[in-house]
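Lettering of chains follows the sequences in order, A, B, ..., and the numbering in each one begins at 1. Because the structure is a prediction, the values reported are computed rather than measured.
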Number of protein chains: 2
Amino acid sequence: MRTDTVYKKAFNRAASMLRDGQLTGDLPSENELRRQMGVSRTTVRKVLGELAHRELIAERSGVRTAGRPVEDSDYYPDAETTSRAKHVEQQFMEWMLRGDTRPGTSINELELARQFGVATNGIREFLIRFSRFGLLEKRPNTGWLFKGFTEDFALELFEIRVMFELRSAHLFSRQADTSPLWEKLAVLKIAHTELLKRIESRFHDFSGLDNRFHRLINEASPNRFIDDFYDIISFIFHYHYQWNKHDEKQRNQAAILEHLAYIEALESRDPERIERACRAHLGSARETLMRSLIVFDE
Amino acid sequence: MRTDTVYKKAFNRAASMLRDGQLTGDLPSENELRRQMGVSRTTVRKVLGELAHRELIAERSGVRTAGRPVEDSDYYPDAETTSRAKHVEQQFMEWMLRGDTRPGTSINELELARQFGVATNGIREFLIRFSRFGLLEKRPNTGWLFKGFTEDFALELFEIRVMFELRSAHLFSRQADTSPLWEKLAVLKIAHTELLKRIESRFHDFSGLDNRFHRLINEASPNRFIDDFYDIISFIFHYHYQWNKHDEKQRNQAAILEHLAYIEALESRDPERIERACRAHLGSARETLMRSLIVFDE
DNA sequence: TGGTTGTTTTTTATCGATAAGAGGAAGCTA
DNA sequence: TAGCTTCCTCTTATCGATAAAAAACAACCA
């Protein structure tokens, strides 16, 4: 049976809105809530029904108002708010990055299914999706080959990344001065300097900033294949860094400085300077990744 | 239930080997056959069992020899030798390229499943696999969005293709003179001139040659992401050209000449000449694709 | 002993069923 | 009559089952 994670997540979201006082007086209409929460009205109604049932809201002649205060115990546990597919993803990445999975290992759908507690179908769908990341290969009627999160992988990944990024940065710098992206870049620049000031406590925030920055550069000259490739990068880094916290603050601090140099290079519109700043940044990103691979490979 | 297409295809293959006299005297061992046909021994045994049952081979004291002649009616029909997954692929591509599918259409798993006569699961797996081609987008809990085989798509595809190919061609030309790939290139060159002579009747053979050529260029400096991208190209072209036979002979003839110029440029190792030849060839490939899109778009 | 063939176990490909979720039609109310 | 809600239908996410195919094991033999 399908999980009701959409409902539970929406419920938690609504509970938080109530608690934070974002929903005072008469509540918005179902349609309005639907828009705010990004789910269907069917789900909104289910949430409202349960909220009413628990007296977190009161319904009087069709008008809804907030009810008793929200308690911590009203929330559904986090584990129940992620779909099976997401669970599979997380467990698989953990399995892969834990490091005890050697390149060349073959992957068994049934075994993973049992291990992760899902039907084989879910595993297979994940593996198909994941195979575009270049770490897996399917051999029909036989199974999957895990090619390994190896040095080769990192080198090939970065070769492409550099090509794409140089291309995008170049095109970015040649936009009209009136392009709104320059403004966005300026905003991002400020966010970087702000983060740098608070680096001691907030260094975790860098990864979000990093993502925004690189995606912004691609925005000037969209290409779906480059975007897709950047999805791979984000995905890999997202999970990889969950497993490699080593030196995180220092790394992020260095990266922020590189970003700032890179942003200024873009603003200068000087092609050579841009290329230098871009290569410098990607070069150290690559080094970081490579170094962590060696740690895993012992 | 799983289809027995692997068995049926293997059976047909074995029947052809018998008919063509590739299997005279004592037949090879099960293991040897297994290797030749690329299936498991389980399947080989099933095939041998059926061959014996139909008296196409005779088994005497553990030694197998050819039996009565193979008739046309012994073969399983082609339709029974492709897996469901392949069927889905073919039907979907037909559905897509037939041209009555507008960009922005949303795709309904259930409807396609009924239309193609498979379970929804099969459709979904195909769509997941296919989504890396940049023509589809998944919206969770909702369905798939068909983005369309449009001009944008072709432009973005070729932008990447040019980047990758210039890079690979450049690296190819800088290989050591002793690299065996030069020899392979020479062989391919001859194949091209041969085909050119027989172009009137054999122009269909070009697509195989085209594939071999572009893959060879990538061989000098392998990168899995570039290989994957080339898979997309091959796939798209494979199906697209089934639907666009217009001017095929002429197009292929022109492409062969471009390939020859390109090959000679590589052999000259002159970077500028290579770049020119490469761009010229990809430019006209792009034009061909674009022109056919316009035809489809009426 | 390396290579055969016969047998059993394991895994993949594929189907069908069902609860959760999305979305539309029609009626309701202010 | 515009926006809301109730009711209903259709679709997706997920499970479990099973025949085909692969792989592992066992027995045999020259």
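- Between the CG atom of A/Asn31 and the C1' atom of D/dT5 there is a distance of 10 Å, rounded to whole Å.
- Within 4.0 Å (heavy atoms only), B/Arg114 reaches sugar-phosphate atoms of the nucleic acid but no base atom.
- Between A/Phe235 and A/Phe133, the ring planes are perpendicular. Angles over 60° get that label, and only those under 30° would be called parallel.
- Using a 4.0 Å heavy-atom distance criterion, A/Arg64 is classed as a sugar-phosphate-only contact.
- Between B/Lys138 and D/dA13 there is a side-chain polar atom (N or O) within less than 4.0 angstrom of OP1 or OP2.
- A/Glu125 has its CD atom 8 Å from the P atom of D/dA13, to the nearest Å.
- Under the 6.0 Å cut-off for aromatic ring centres, A/Tyr7 and A/Tyr76 qualify, their centroids lying closer than that.
- The distance between atom NZ of B/Lys86 and atom C1' of C/dA13, rounded to the nearest whole Å, is 16 Å.
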Let me have a per-nucleotide readout for nucleotides 15-24 of chain D, 5' to 3', with B, S or -, counting only protein heavy atoms under 4.0 Å.
BB--BBSBBB

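- Rounded to whole angstrom, the span from the CH2 atom of A/Trp144 across to the P atom of C/dT12 amounts to 10 Å.
- Contact check, A/Arg124 against C/dA13: a side-chain N or O comes under 4.0 Å of OP1 or OP2.
- Ion pairing between A/Arg215 and A/Asp231 holds under the 4.0 Å rule for side-chain N and carboxylate O.
- Of the two residues contacting DNA chain D, namely A/Pro28 and A/Ala85, the nearest-nucleotide position lying further toward the 5' end is that of A/Pro28.
- Atom P of nucleotide C/dA13 and atom CG of A/Leu110 are separated by 12 Å, given to the nearest angstrom.
- Of the side-chain N and O atoms in A/Ser29, one or more sit less than 4.0 angstrom from OP1 or OP2 of D/dC4.
- Between A/Glu89 and A/Lys86 a salt bridge is recorded (basic side-chain N to carboxylate O distance below 4.0 Å).
- With a 6.0 Å radius and a threshold of 12 heavy atoms from other residues, nucleotides or ligands, A/Glu55 has its CD atom at or below the threshold.
- Between A/Asp74 and A/Pro69 the shortest heavy-atom distance is OD2-O, 4.3 Å.
- Taking atom CD on B/Glu32 and atom P on C/dT5, their separation rounds to 11 Å, with Å as the unit.
- Remark: P of C/dG24 and CG of B/Asn108 are 13 Å apart, rounded to the nearest angstrom.
- B/Glu30 has its CD atom 11 Å from the P atom of C/dT7, to the nearest Å.
- With sequence neighbours excluded, the residues forming a salt bridge (Lys or Arg N to Asp or Glu O under 4.0 Å) with A/Arg124 are A/Glu109, B/Glu125, listed by chain and number.
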